[in-house]
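Inspection log for the structure reproduced underneath, given as structure tokens.
Residue numbers start from 1 in every chain, and the chains themselves are labelled A, B, ... in the order their sequence lines are given, proteins ahead of strands.
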2 protein chains.
Amino acid sequence: MGTRATIADVARKAGVSPSTASVVFSGKTPVSDATRRKVEDAAAELGYTGPDPRAASLRTGRSGIVGVVFEEHLGAAFLDPVKTLMMDGLADAVSPLGAGLLLLRDHEPSGRGATLTTAPIDAAVLVGCSGRLRESLDAVLGRGIPVVVMEGDAGADVPRIDLDNVEAQRQAASHVRTLGHSAVVILTLPHRADGPAGWVEGAADDEITVDVTRDRLRGAREIYPSAPVYAAAASSIDEGVAAGRAILADPAARPTAVIAQSDLLAVGVIRAAEEAGLRVPEDLSVTGFDGIEIDGLAPYELTTLVQPAADKGRAAGVAVAAMLEGREAASIRFTCVFREGNTTAAAPVETGLAASGAARLSPTP
Amino acid sequence: MGTRATIADVARKAGVSPSTASVVFSGKTPVSDATRRKVEDAAAELGYTGPDPRAASLRTGRSGIVGVVFEEHLGAAFLDPVKTLMMDGLADAVSPLGAGLLLLRDHEPSGRGATLTTAPIDAAVLVGCSGRLRESLDAVLGRGIPVVVMEGDAGADVPRIDLDNVEAQRQAASHVRTLGHSAVVILTLPHRADGPAGWVEGAADDEITVDVTRDRLRGAREIYPSAPVYAAAASSIDEGVAAGRAILADPAARPTAVIAQSDLLAVGVIRAAEEAGLRVPEDLSVTGFDGIEIDGLAPYELTTLVQPAADKGRAAGVAVAAMLEGREAASIRFTCVFREGNTTAAAPVETGLAASGAARLSPTP
DNA sequence: TTGTACGCGTTATCAT
DNA sequence: ATGATAACGCGTACAA
């Protein structure tokens, strides 16, 4: 009662050797029915429910656990629709593998507990990664654990699942330009983990540690090289509203279009525009990125880039499965599909106001 | 190169004993700076990145992992808004504990891999549980692992986090009755895992293995004891549409109100009603359950019961933390708040049609 | 402060 | 088909 029964206890009670008892549970070797019965009965009597996972794992070197590493508050994984879809696909793909998904943060604040370095994982998926990516990556690679990186550059040898962010965002910007907009603001995702919101003066690419942010910005800049850049603190409607208010604050310096790096941010901007008495798309065009379903957005239908989020997750799972079987996993780059909604329209006829606004908005003072 | 360095290798290289090296990494005992340096240098040279989690876990008996067990496809955990919120709260609450969340299914189809019985977890949270609950529960209790059950009856001794489902659903039904409805259909969640959709004839309580379904139905029946019952196959908008079509199929037997056991189902019913040319709430009143945000529902605002999903998750996390510290954890029952939207209205004036419909709808043929 | 010795519970290997 | 043996890699009394 004080201590749990072990397989040795069961074996003794059943009158067989520990290895035989072990084999009864693992099924790795044929066992006579009589022996099996003896062992099972003994186990039942002792309340033995099977091998201790810890010991088995130590011995076999496998835990059946795939770690999924987020750089942010874990809850975000459940609240961000893109991540949610991605996880759905991932769960799907590792399911036949029989593996469980262990949700981890890259940098666990409290000392003890499971972190990337202390969790018994067979493989890892690094997602939404940024500056801390290298750190996490080294930890995993150092342990010789197969790893897949989503949306981040991990160097050679590490399979990568990502999007054609540059090209996709270029498409959206191009669409906006075709509509005749010149006073454009680019609303980006955070530039680095925990980055504050605000205007970014002459944002140099190498100051942006979040790969997604950098690439999408790069794409937009191929069309609008000198458009002002406002960085949001996170990808959420609330942050989008805050950013929208800041961007639309000065009536004399209002853009006629906002290129947002996520749908949630775009929705926030639309709300902010409504607040400010602007009509979308007549007074302000807004583009998003992700192509998620957004509740309560009617009658708007966002002009955006639809990314195959679930497929991305599934691909990561497939890659993990391959690596666990000792095969090589290939990097995959998914393609976004441009979808024109009703949140973009031709630029308003150029008034002195808009013209001066455009001028004021140039990044160089 | 062939095999990984162990702490013994590091100790040897550093010229200290294994236990000293161990202490350097765990920090459980003061170590002289000189020794620490020696060990750290040796570790760096050997590419040793810290204790093997498997071995450490076997030794200490702790893994820093909390298992979260779903009865369904894991992806569902990420697509169902209620579960999503719940997980957010749970992640929140176990975070200070430094524990990772391991997502598991109650019954893993493929043989190998992490299951409830083979995963190195310190504690378990059973969620959305039904008939298989007992099975999962036995597995966990047998291993002496602390467990918390969400939305399910696990018997005494097992802390339970749930809702006042009966009372809450009674409130909604009562509201519907106050509006004068007599031709009412109750649209329930599945009656058992993988239960098929369809009309349920004289559903006896004890045939319903899903606790949530049973309790909410019980609440509705306190007001409408003989209302026909239609069971959905899952909680989703799509299933709601399918159920709605079936419920509204016969114009002569149409109800004037549908009491749905989840918001998603309710939304589906509304869509089906629109399809059928019915106006909500003028021709058909619909109530939901959960109080989640639903995109694209405007101009409707669901009459529903708002449940504190995130708080539920948080409570589970707190309970787990308590049990891991050897304290007792209390069961908690959360209260839903009735919220009247614009999807319910007074029953249409009784026509011969509606009257006969009500008659036809009585469960006894 | 450091080292010695042992066991955590299991499973792979090999021999029988 | 079954059994003996030897790790797996670590943490922690306890002694020095």
Side-chain angles (χ1 to χ4, degrees), chain A residues 2-40 42-43 46-64 112 117-120 122 142-145, chain B residues 2-40 42-43 46-64 112 117-120 122 142-145:
Chain A
T3 175
R4 292 215 90 51
T6 76
I7 202 172
D9 299 329
V10 173
R12 197 175 313 121
K13 180 143 199 158
V16 300
S17 81
S19 41
T20 303
S22 170
V23 158
V24 168
F25 287 102
S26 74
K28 297 241 176 190
T29 302
V31 183
S32 76
D33 276 0
T35 312
R36 151 163 290 115
R37 281 287 297 276
K38 276 195 299 187
V39 172
E40 281 169 350
L46 265 47
Y48 179 82
T49 45
D52 180 323
R54 288 174 262 269
S57 164
L58 170 60
R59 184 56 221 199
T60 61
R62 291 187 119 47
S63 62
R112 25 168 239 192
T117 47
T118 64
D122 292 343
R143 278 172 62 194
I145 294 176
Chain B
T3 174
R4 291 220 88 51
T6 76
I7 203 171
D9 300 328
V10 174
R12 199 175 313 120
K13 179 140 199 159
V16 301
S17 83
S19 55
T20 303
S22 170
V23 159
V24 168
F25 287 102
S26 73
K28 296 241 174 187
T29 301
V31 182
S32 76
D33 276 2
T35 312
R36 152 163 290 116
R37 280 287 295 277
K38 276 194 298 186
V39 172
E40 282 170 350
L46 265 48
Y48 179 80
T49 44
D52 180 322
R54 289 174 259 269
S57 165
L58 170 59
R59 193 63 182 83
T60 61
R62 288 188 123 48
S63 62
R112 28 167 238 189
T117 47
T118 65
D122 292 343
R143 280 172 61 195
I145 293 175

Exercise. Would you mind building the protein contact string for nucleotides 10-15 of chain C? One character per nucleotide, 5' to 3', B for base within reach (heavy atoms under 4.0 Å), S for sugar-phosphate only, - for untouched.
Key: BBB---

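Between the CG atom in B:Leu46 and the OG1 atom in B:Thr49 there is a gap of 11.0 Å [rounded to 0.5 Å]. Between the CD atom of B:Glu40 and the CG atom of B:Asp33 there is a distance of 9.0 Å, given to the nearest 0.5 Å.
In this structure, A:Arg62 contributes its side chain and A:Asp122 its backbone to no donor-acceptor pair below 3.5 Å.
The CZ atom of B:Arg12 sits 13 Å away from the P atom of C:dT4 (whole-angstrom rounding). Atoms CG (B:Leu58) and P (D:dC10) sit 12 Å apart, rounded to a whole Å. Across the protein-nucleic acid pair, A:Arg54 atom CZ and D:dG11 atom C1' stand 15 Å apart, rounded to whole Å.
Nearest heavy atom pair, residue B:Arg54 against residue A:Pro120, reads CG-CB, 4.2 Å. Contact record, A:Arg143 with A:Ala119: NH2-O, 2.8 Å, taken as the closest heavy-atom pair.
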Would you tabulate the nitrogen or oxygen pairs shorter than 3.5 Å linking the protein to nucleotides 14-16 of chain D?
none

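Residues A:Tyr48 and A:Asp9 are not in side-chain contact: their nearest non-hydrogen atoms beyond the backbone lie 4.5 Å or more apart. Side-chain contact between B:Val39 and B:Val10: present, with at least one pair of heavy atoms (C-beta onward) separated by less than 4.5 Å.
Checked against side-chain contact (heavy atoms from CB on, under 4.5 Å), B:Ser17 has the following partners two or more places apart in sequence or in another chain: B:Ser19, B:Thr20.
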